[in-house]
Amino acid sequence: MFNFLRIFSPYADPFEEKVDRFFCGVKSSDNIQKIRKNLLALMQENLLILNVWLEKKYKGYKYLTKGMRKKMYGNERKMIAKFQEYSLGHAFSIKDVRALLAAQGLIFPGGADTQLLYLTQIMSFLAPGKFYRYIKTASFGKLLCDPDKSMMEGDCNQIVTLYIYLFSLKFRIENLQIKLLPEHVCLHFRGIDIEATNGSFQKYSGECQVLPVTEIISTNLLDLADFREEIQSIAPRDMVKSAQLAYAISSLRSVVEHNLGAAYQNLAVSAMKVFNFETAKFYAEKSGNKALLRSVRHNEAVYFYEHKNLDKAVGIFSTLGEEDMVKACLQKQYNNFANEVSGVKTIEQARKYKSTYRKMLELAGRIGNQKLSDNVQEILKKINI
């Protein structure tokens, strides 16, 4: 029965479901330390599947079907085997690593021998031209090809993620950090920068920030989509959720606040397009964009104007201070009443519509049309004789 239900499950692996449950439960107001602790545990368990699921759900790549993801997870096992085989034939000594660090003016950190040796093996394995090739703005799935048939491809975000994953197979990933540079990210370990795109030790300075390893997730969520891949339409609520996740995870609140605001704006616009104005106003308010909120309210008033709910239209246009539109609504109301009495020919018939004429007189006054007011007043005088 369990296997039968799995056929209809959207998940290609049980761990995808675990990841999905976690991220669906994250709120931007949650305690960041608790989120990071739980996220770190998931990353340690399988960062590769975690990242693929996030791209499937929040980037919308069409190629990431359930069947394709299963195939990619099979390639994961092949890649691990390939790495282990490669490492057996490419051992490094402490002396080798010291020399590589010294060439960049770096010092070998004490108490980290086995971890640094292992990172050096990862660097050697993923050095460009062997099993990996750098490309700009890549989807993570390009790293999960069959390593026996084609070369893995990825950008800086994706290859750093793969480094972290391979490191997690042997060590705790909280020992790693990432360093954000202008439009770039590298791995950071004990004061040493590791340039994953070319497999080298570096010593970056200038404008940069060293952040917890969990920040690679928010970096990936905020990264540009791969322009080579066909993308399906992403539900506006998923767009918001993606931005909320990045906001909840990241220390760089000023950066992700902009993305969260943009996601709220997109959701407001989407709701407005289907005339769901209550939802549109809710998300416009959350975005903090006053111009957008005004636009939503204006469009709501126009909708009421066009659908004969003129009292509501007048109320909104009045609040917005759009006097021309208020007069247009009042004129439309006046015209509607005028149509009601268009067939009146005698004073006796007019008396039956006395309340209608009074409403017309009030509207003419509000519109400021003296000619209309005079005409209606003349009729009312005749009715009252």
Side-chain angles (χ1 to χ4, degrees), residues 36 40 43-44 47-48 51 79-80 82-84 86-136 138 143 151-220 223 250-252 255:
R36 282 180 181 167
L40 193 66
M43 292 170 67
Q44 186 73 52
L47 175 57
L48 187 149
N51 213 57
M79 177 184 63
I80 293 170
K82 181 73 68 176
F83 170 59
Q84 291 171 339
Y86 177 86
S87 297
L88 288 174
H90 296 79
F92 291 88
S93 66
I94 298 293
K95 184 179 179 180
D96 295 329
V97 178
R98 286 185 185 278
L100 290 171
L101 292 172
Q104 299 297 329
L106 295 163
I107 300 172
F108 194 103
D113 296 18
T114 56
Q115 294 177 57
L116 199 48
L117 284 171
Y118 186 66
L119 280 168
T120 306
Q121 286 185 314
I122 295 173
M123 290 165 59
S124 178
F125 175 65
L126 293 175
K130 296 176 182 176
F131 303 100
Y132 162 74
R133 175 170 55 238
Y134 170 78
I135 60 173
K136 288 188 70 175
L143 287 173
M151 195 169 286
M152 297 181 284
E153 296 179 324
D155 62 16
C156 60
N157 286 43
Q158 311 301 0
I159 192 64
V160 165
T161 303
L162 184 57
Y163 266 65
I164 297 167
Y165 168 71
L166 289 174
F167 189 83
S168 75
L169 300 178
K170 195 170 181 179
F171 298 104
R172 301 295 304 173
I173 61 172
E174 57 260 41
N175 295 318
L176 300 174
Q177 294 171 298
I178 65 168
K179 178 178 276 191
L180 290 186
L181 299 95
E183 298 183 11
H184 189 62
V185 61
C186 73
L187 197 63
H188 190 77
F189 177 74
R190 303 283 293 273
I192 299 167
D193 296 326
I194 298 171
E195 181 49 66
T197 61
N198 62 21
S200 67
F201 291 120
Q202 296 292 333
K203 188 177 183 179
Y204 289 125
S205 58
E207 186 182 343
C208 53
Q209 291 177 293
V210 176
L211 301 169
V213 71
T214 49
E215 297 278 351
I216 194 63
I217 301 301
S218 56
T219 302
N220 288 342
D223 196 21
S250 182
S251 305
L252 303 175
V255 175

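Owing to the predicted nature of the structure, the values given are computational and were not obtained by experimental measurement.
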Working to the nearest 0.5 angstrom, can you tell me the gap between [X] [atom1] and [Y] [atom2]?
{"X": "Ile216", "Y": "Thr161", "atom1": "CD1", "atom2": "OG1", "result": "4.0 Å"}
{"X": "Cys156", "Y": "Asn198", "atom1": "SG", "atom2": "CG", "result": "11.5 Å"}
{"X": "Leu48", "Y": "Ile80", "atom1": "CG", "atom2": "CD1", "result": "8.0 Å"}
{"X": "Met151", "Y": "Arg133", "atom1": "CE", "atom2": "CZ", "result": "5.5 Å"}
{"X": "Arg190", "Y": "Leu106", "atom1": "CZ", "atom2": "CG", "result": "13.5 Å"}
{"X": "Phe108", "Y": "Ile192", "atom1": "CZ", "atom2": "CD1", "result": "7.5 Å"}

Less than 4.5 Å apart, side chain to side chain, heavy atoms only: is that true for [X] and [Y]?
{"X": "Ile194", "Y": "Met123", "answer": "yes"}
{"X": "Cys186", "Y": "Ile178", "answer": "no"}
{"X": "Ile173", "Y": "Leu47", "answer": "no"}
{"X": "Thr197", "Y": "His184", "answer": "yes"}
{"X": "Gln177", "Y": "Leu211", "answer": "no"}
{"X": "Ser168", "Y": "Gln44", "answer": "yes"}
{"X": "Val160", "Y": "Ile164", "answer": "yes"}
{"X": "Val210", "Y": "His188", "answer": "yes"}

Between Gly199 and Pro128, what is the shortest heavy-atom contact and its length?
N-CD, 4.3 Å
Exam field: side chain [X] to backbone [Y], donor-acceptor pair closer than 3.5 Å:
{"X": "Ser124", "Y": "Thr120", "answer": "no"}
{"X": "Tyr163", "Y": "Leu119", "answer": "no"}
{"X": "Gln202", "Y": "Tyr204", "answer": "no"}
{"X": "Asn220", "Y": "Ile217", "answer": "no"}

Would you mind checking if Lys179 and Asp193 are paired as a salt bridge, meaning a charged N to carboxylate O distance below 4.0 Å?
yes
Can you tell whether the side chains of Glu215 and Arg36 come within less than 4.0 Å, N to carboxylate O?
yes
With [X] via side-chain contact (heavy atoms from CB on, under 4.5 Å) - residues at least two apart:
{"X": "Lys170", "value": "Tyr118"}
{"X": "Leu117", "value": "Phe92, Ile94, Val97"}
{"X": "Met152", "value": "Met79, Phe125, Leu126, Phe131, Leu143, Cys145, Leu162"}

Working for side chain to side chain donor-acceptor pair (under 3.5 Å), residues Tyr86 and Gln121
CA-CA 9 Å; Tyr86 177 86; Gln121 286 185 314; over 6 Å; no
How far apart are the C-alpha atoms of Leu116 and Phe201, what are their side-chain angles, what is the distance that settles it, and do they pass the side-chain contact (heavy atoms from CB on, under 4.5 Å) test?
CA-CA 11 Å; Leu116 199 48; Phe201 291 120; 4.2 Å; yes
Taking it one step at a time, do Phe167 and Leu187 satisfy side-chain contact (heavy atoms from CB on, under 4.5 Å)?
CA-CA 11 Å; Phe167 189 83; Leu187 197 63; over 6 Å; no
